[in-house]
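Chain letters run A, B, ... following the sequence lines, proteins first, then strands; residues in each count from 1.
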2 protein chains.
Amino acid sequence: MTKTKSSRQILSDLKSAGYRLTQSRAAVVRVIDEANGWLRPEQVHAQAKKHCPSIGLVTVYRTLALLVEHGYIRRIHFDDKCHGYARVELSHGHHLVCRGCSQTVEIAGTEDLKPLMKQVQKETGFVIEDHLLELVGLCRECQPNPTRPRSRHG
Amino acid sequence: MTKTKSSRQILSDLKSAGYRLTQSRAAVVRVIDEANGWLRPEQVHAQAKKHCPSIGLVTVYRTLALLVEHGYIRRIHFDDKCHGYARVELSHGHHLVCRGCSQTVEIAGTEDLKPLMKQVQKETGFVIEDHLLELVGLCRECQPNPTRPRSRHG
DNA sequence: CTCGTTATTGAAAATTATTTTCATTATGAC
DNA sequence: GTCATAATGAAAATAATTTTCAATAACGAG
Ligand SMILES: [Mn+2]
Ligand SMILES: [Mn+2]
Ligand SMILES: [Zn+2]
Ligand SMILES: [Zn+2]
């Protein structure tokens, strides 16, 4: 809900980190920033070409990887079509995806899982280092049209 | 922790459901059942050939899809290599994966997320239908050798 | 047990997704 | 502006998955 980094900020952060500020990167970052849902690389490419007509799909992949690496976006997994990419705004948020319109909102969630983690650590002897949580459902607008019934979980 | 379906049971369930009990299917089910971690299709294929030398990778894919469809196995997602498949034993369990040895254990977890869900529903207006939760860490045996540091989350 | 129907299979080809290579280009420091 | 080189895009390579289709094997009927 709270937008923490603007498109502009991400770019300047990358610049400070030593990356060159190119047209292609600017286009991809802008597309991700303006999207209100997850996008697949091909979709990012299509959108990005509007801002940078010469951009190639390869560069989209490379830029997405860069943005994942630096924590600005995150991969979203599905039963079918892996993978989509969505903006990360919260330091440790999770993604809630509408299966109707693919709108993606981020929710805070560091604390809620702590007790579960602790218990699992104790029960299993594992040291838990990270977790992946995705919620799927229908946004308010899509609830009247419950299309595409599709299970999640893997 | 509680094994609910034996390899034999899965096969007879499938038979009751109208599927033919073939060598290939038996081999794949057996491999999945005997594995103590997640496996990728290629790995399932390699193992299955030991029981059914003529089995093709295509049939492995088909059988895995069948088993997912009927809820006997589930896909596991990773940063890199999507996807692995792991045995599902609990009615609504989640998977805990060791990043060292890929050992996969299932944990119960129907109730733990209920409060979070309720809150998110209220806050976002979404109707939440399902969720994907994967935990990643190091099992007891792998803790002394913290190899391959690798983040999770998507 | 044999036969006949047909679901299932495997090989090969086709798709789709992603990565690598490499010559060219554009960015940013000076 | 000039220069060094990080970054790019096209094409090829690789990986992952699906489709096609003729051959096969499962299994119920007889
Ligand atoms: Mn995935
Ligand atoms: Mn659950
Ligand atoms: Zn929606
Ligand atoms: Zn381990």
Residues which pass side-chain hydrogen bond (donor to acceptor under 3.5 Å, both in side chains) with B:E141, listed by chain and number, not counting sequence neighbours:
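Partners of B:E141 under the side-chain hydrogen bond (donor to acceptor under 3.5 Å, both in side chains) test: none.
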Sequence neighbours left out, what pairs pass salt bridge (Lys or Arg N to Asp or Glu O under 4.0 Å) with at least one residue falling in residues 39-57 of chain A?
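Listed by first then second residue: nothing to list.
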I need the full list of ring-ring contact (aromatic ring centres under 6.0 Å, His included) pairs touching residues 33-59 of chain A, with sequence neighbours left out, sorted by first then second residue.
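Only A:W38-A:F78 qualify under ring-ring contact (aromatic ring centres under 6.0 Å, His included).
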For A:E134 and B:L132, indicate whether the former's side chain and the latter's backbone hold a donor-acceptor pair under 3.5 Å.
no
Look at the side chain of A:R74 and the backbone N and O of A:G93, then say whether any donor-acceptor pair between them is shorter than 3.5 Å.
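Yes; at least one donor-acceptor contact below 3.5 Å.
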Take atom NZ of A:K15 and atom P of D:dA7, then tell me their distance rounded to the nearest Å.
13 Å
Phosphate oxygens OP1/OP2 of D:dA16: is one of them under 4.0 Å from a side-chain N or O of B:H83?
no
How far does the helix from C:dC1-D:dG30 to C:dC30-D:dG1 bend, going by the axes of its first and last five pairs, to the nearest 10°?
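It works out to 40° between the end axes.
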Parallel, tilted or perpendicular, judged at 30° and 60°: which one describes the rings of B:H77 and B:H83?
perpendicular
Without placing hydrogens or testing angles, list every side-chain donor-acceptor pair under 3.5 Å for residues 12-29 of chain B, not counting sequence neighbours.
{"from": "B:S12", "atom 1": "OG", "to": "B:Q9", "atom 2": "O", "distance (Å)": "3.1"}
{"from": "B:D13", "atom 1": "OD2", "to": "B:K5", "atom 2": "NZ", "distance (Å)": "2.5"}
{"from": "B:D13", "atom 1": "OD2", "to": "B:Y72", "atom 2": "OH", "distance (Å)": "3.3"}
{"from": "B:S16", "atom 1": "OG", "to": "B:S12", "atom 2": "O", "distance (Å)": "2.7"}
{"from": "B:Y19", "atom 1": "OH", "to": "B:H70", "atom 2": "NE2", "distance (Å)": "3.3"}
{"from": "B:T22", "atom 1": "OG1", "to": "B:R25", "atom 2": "N", "distance (Å)": "3.1"}
{"from": "B:R25", "atom 1": "NH1", "to": "B:R20", "atom 2": "O", "distance (Å)": "2.8"}

Once you round to the nearest 0.5 Å, how far does CD of A:E129 lie from CD of A:Q121?
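A:E129 atom CD to A:Q121 atom CD measures 9.5 Å (nearest 0.5 Å).
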Can you name the residues that form a salt bridge (Lys or Arg N to Asp or Glu O under 4.0 Å) with B:E34, not counting sequence neighbours?
B:R30
Quick check for you: name the first and last nucleotides of DNA chain C, 5' to 3', having an atom under 4.0 Å from a heavy atom of chain B.
C:dT6 to C:dA12
Where along residues 18-32 of chain A does a heavy atom fall under 4.0 Å from DNA chain D?
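Residues of residues 18-32 of chain A under 4.0 Å from DNA chain D: A:Y19, A:R20, A:T22, A:S24, A:R25.
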Tell me which residues in residues 58-66 of chain A lie within less than 4.0 Å of DNA chain D, going by non-hydrogen atoms.
A:V58, A:T59, A:R62
Of residues 42-57 of chain A, the positions that come close to DNA chain C - non-hydrogen atoms, cut-off under 4.0 Å:
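Listed by number, there are none.
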Check the pair B:Q119, B:E123 against side chain to side chain donor-acceptor pair (under 3.5 Å), reporting the backbone distance first and the verdict last.
CA-CA 6 Å; B:Q119 197 193 333; B:E123 283 177 11; 2.7 Å; yes
Hydrophobic cluster membership, with links at side-chain heavy-atom distances under 4.5 Å among I/L/V/M/F/W/Y: are B:V120 and A:L133 in one?
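In one cluster: yes.
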Which atom pairs, donor and acceptor, lie under 3.5 Å between side-chain atoms of residues 54-62 of chain A and protein residues at least two apart or in another chain?
none

